[in-house]
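Just below is one structure, and these are the notes that go with it.
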Amino acid sequence: MTETNFKTDLDADGVLSVVWDMPGRSMNVLSADAILELAELVERVVADEGVKGVIVSSGKAAFSGGADLTMLEGIARVYATEKARHGEAAAAKAVYEESSRLSQLYRRIETSGKLWVCVIHGVCLGGAFELALACHWRIASNDKSTRVGLPEVKVGLFPGAGGTTRVARMLPPGDALQMLMKGEQIRPDKARAMRLVDEVATKDEMAAKAKAWILGGGKAVKPWDEKGFKLPGGPVWSKAGFMTFPPANAIYRRETQDNYPAIRAMLQVVFDGLQLPMDLALRVESRHFAKVIRSPEAAAMIRTLFVSMQELNKGARRPKAVPPTSIKKVGIVGAGFMGAGVGYVTAQAGMEVVLVDRDQEAADKGKAFAEKLISGQVVKGRATGAERDALLGRITPTPDYAALADCDLVIEAVFEDPKVKAEVIAKVEAAIGPNTIFASNTSTLPISGLAKASRRPEQFVGIHFFSPVEKMMLVEVIEGERTGEVALATALDYVRAIRKTPIVVKDSRGFFANRCVIAYMLEGHLMLTEGVPAAMVENVAKQAGMPVGPLSLNDEVALDLGLKIIDSTRAQLGDAAVNPAQEKLLRALVETEGRLGRKNGKGFYDYPEGGKKRLWPGLAALAGKTLDPDTIDISELRHRLLVAQALEAARTVEEGVVTDVREADVGAILGFGFAPYTGGPLSWIDGMGPRRFVRLAAALAEIHGPRFRPNRLLIDLAETGDTFYGRFAGGGAAPAAAA
Ligand code: NAD
């Protein structure tokens with residue numbers, strides 16, 4: 001048999017080494033052909049009496065990222081074609097058979113009678129970790145890069161190759177559910193403590209230890225296949241089970257608002273599976289998996305949060321002609337709230353940082369922020385003292401612009417004032433070399449306008465971070481009118497170097513994410529002024545799938561900032577662009593009540609020191625009226641909150657602000673948490689069909705006014721029966737398509 005993806009070598013002691021090393025790929029994935037080859041290999045092992053045990057390892061830097069999600073997308077397609085040809089029942093059966101194949105293969109490994117050991121170095125996730133779980137013994141390296149986990153929930157799935165069923169038999173059910181629902185990547189020491197791996201060793205020791213375990217009489221039978229097996233947390237129908245499953249249901253509802261079919265199915269798989277023998281439990285798991293994989297939520301999440309995100313991270317929008325840039329040293333001017341965060345993430349990625357502010361004290365304050373964050377990591381065991389020292393050693397705080405001389409990139413994050421920025425641009429340009437790229441982190445000022453103060457506008461670009469910088473995964477890269485390809489490529493390379501996801505946005509008011517966020521907050525404000533109870537506004541937003549309600553969100557970004565945006569909107573676009581009810585509400589809160597948001601401990605919420613935040617009781621009086629909650633149409637509120645954002649996203653596509661539909665969806669989920677189960681606002685529109693969306697928006701416009709009127713692009717998609725992804729396939733959206 002030819003060995004393509006797995007190379008085997010049988011030693012004199014009957015130990016077969018299986019090295020997973022797929023040709024032409026930097027990372028092993030469970031593709032259809034790899035699974036087929038593994039299945040043949042397993043049968044060979046079973047039939048070969050000379051094989052005592054098998055050691056599975058990887059020939060790559062990491063073990064494996066798991067299943068090829070495009071293959072999983074393929075399984076979902078099987079359903080559509082089979083249904084069209086042979087009807088619903090046959091289609092469901094075909095998907096079940098496809099999706100249970102890997103599960104059956106792993107079960108074959110587990111019950112083969114041979115000893116299987118998995119040697120894990122680097123990441124071992126999803127389907128790959130399910131393979132490890134099917135093995136009889138797991139050893140992980142204590143390397144920094146090693147992580148195990150089952151992150152399937154993050155793309156609308158759950159572990160369907162036996163992972164759910166095995167974890168539920170290995171851990172007490174509460175711990176198992178938590179691990180499965182969170183989908184976190186787990187470090188080796190923690191995995192060992194949870195007994196997900198049996199031993200942790202240095203990379204070099206692992207193979208010898210694995211062999212010693214095989215020759216030393218390891219057991220080729222899993223506990224659940226032995227007589228008298230007892231579940232680690234006791235039976236489901238027991239006091240302990242009662243303490244677990246009803247609360248788990250409630251937690252599921254609280255955390256997901258029942259928007260995620262995969263997580264609901266997973267709960268069911270664990271609950272039912274623990275009451276069944278292993279083989280039957282695995283069939284139950286496969287049956288649910290076959291259903292979940294054809295859910296619209298899984299399809300949307302896989303596309304946006306895996307396929308599109310990976311494409312963007314691999315440089316889908318990077319100008320191809322520019323060779324890779326090497327960014328070793330980054331200057332940051334303005335070491336305030338944002339600059340300090342940017343300095344931290346840059347130093348954390350291994351780059352040298354020069355942190356400039358008006359005086360030494362202000363610059364030092366920026367570095368102190370990095371010290372606080374990294375020290376917190378050390379306390380939590382996520383970084384060592386040596387790593388902290390090295391990181392801080394890379395940050396040089398100074399008031400001296402001359403220190404920027406040999407920087408590859410300089411990012412300014414000074415006050416949001418065009419005059420201050422112009423002065424800073426001039427000072428920086430006097431200090432830097434001819435090839436340095438200059439970036440502004442402005443959130444409201446047009447990049448093309450700021451670039452007028454530059455002598456080299458083609459080397460001028462926007463890099464728009466979101467706060468808190470160390471947590472937010474999205475960065476908008478803004479192309480000014482004269483931004484050149486090298487500047488754009490450098491900005492994109494930099495964003496990737498700090499391990500965030502970039503989207504490329506055309507220079508325009510509010511760029512992309514903030515426009516949608518402003519539309520979301522406006523809706524929340526207006527609901528309040530209409531007499532909808534504040535708690536209902538917040539809860540409905542969460543039910544719709546938003547991570548935080550519009551009022552909470554406004555408190556985080558500051559209420560006075562909202563007023564500032566209203567003022568600048570009026571100045572730029574005139575009175576008609578300002579909503580009077582919103583302005584009245586914000587003026588009353590900020591100017592009369594002095595409520596600025598979380599920053600002064602009072603906004604829509606009160607923030608008692610040391611206590612939990614609570615909605616401010618004065619809000620109802622401010623609104624002037626209160627509707628009877630029983631008369632309020634909750635689904636209309638939910639639609640308003642999502643439609644307002646989706647409409648704004650559709651407008652940005654029509655205006656050419658976003659030129660790639662993938663970026664709108666990825667940007668919306670990473671930037672402001674747009675209901676992830678939808679796959680993003682454009683996927684949400686496509687999912688229901690632009691025709692239905694246009695009807696929904698038009699109905700809302702009838703009641704609430706022109707802000708809900710669908711734009712021309714949407715009407716055109718509806719009329720032609722098209723979709724965003726249908727028309728703009730492969731990403732590139734022709735901005736003027738419907739104009
Ligand atoms: P900040 O007031 O916290 O920090 C500004 C820093 O710039 C201060 O430390 C100040 O001393 C320094 N500074 C001012 N003039 C300077 C000069 N001439 N030379 C050197 N340093 C100077 O403000 P921030 O919230 O960090 O915002 C900075 C920029 O980032 C603004 O353009 C803002 O629009 C943008 N931004 C802010 C957010 C946010 O959430 N705060 C988000 C995205 C972008």
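Because only heavy atoms are used, hydrogens play no part in the values below, and waters and symmetry mates are left out as well, while side chains stay in. In each ligand, atom 1 is the first atom listed, and ligand 1 is the first ligand listed.
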More than 12 non-hydrogen atoms from neighbouring residues, nucleotides or ligands closer than 6.0 Å to [atom1] on [X], yes or no?
X: Lys599; atom1: NZ; result: yes
X: Lys365; atom1: NZ; result: no
X: Arg638; atom1: CZ; result: yes

Exercise. Could you please provide the protein residues found below 4.0 Å of ligand 1 on a heavy-atom basis, arranged by chain and number?
Key: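 If the criterion is a heavy atom under 4.0 Å, then ligand 1 touches Val333, Gly334, Ala335, Gly336, Phe337, Met338, Asp357, Arg358, Tyr401, Ala413, Val414, Phe415, Glu416, Val420, Lys421, Val424, Asn441, Thr442, Ser443, His464, Phe465, Ser467.
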Quiz item: Is there a donor-acceptor contact under 3.5 Å linking the side chains of Glu429 and Tyr401?
Solution: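 Short answer, no.
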Quiz item: Is it true that the side chains of Asn600 and Tyr607 contain a donor and an acceptor less than 3.5 Å apart?
Solution: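 The answer is no; no qualifying pair exists.
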Self-check item: Pairs satisfying side chain to side chain donor-acceptor pair (under 3.5 Å), at least one member in residues 430-441, at least two apart
Solution: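 Every pair satisfying side chain to side chain donor-acceptor pair (under 3.5 Å) with a residue in residues 430-441: Glu412-Ser440.
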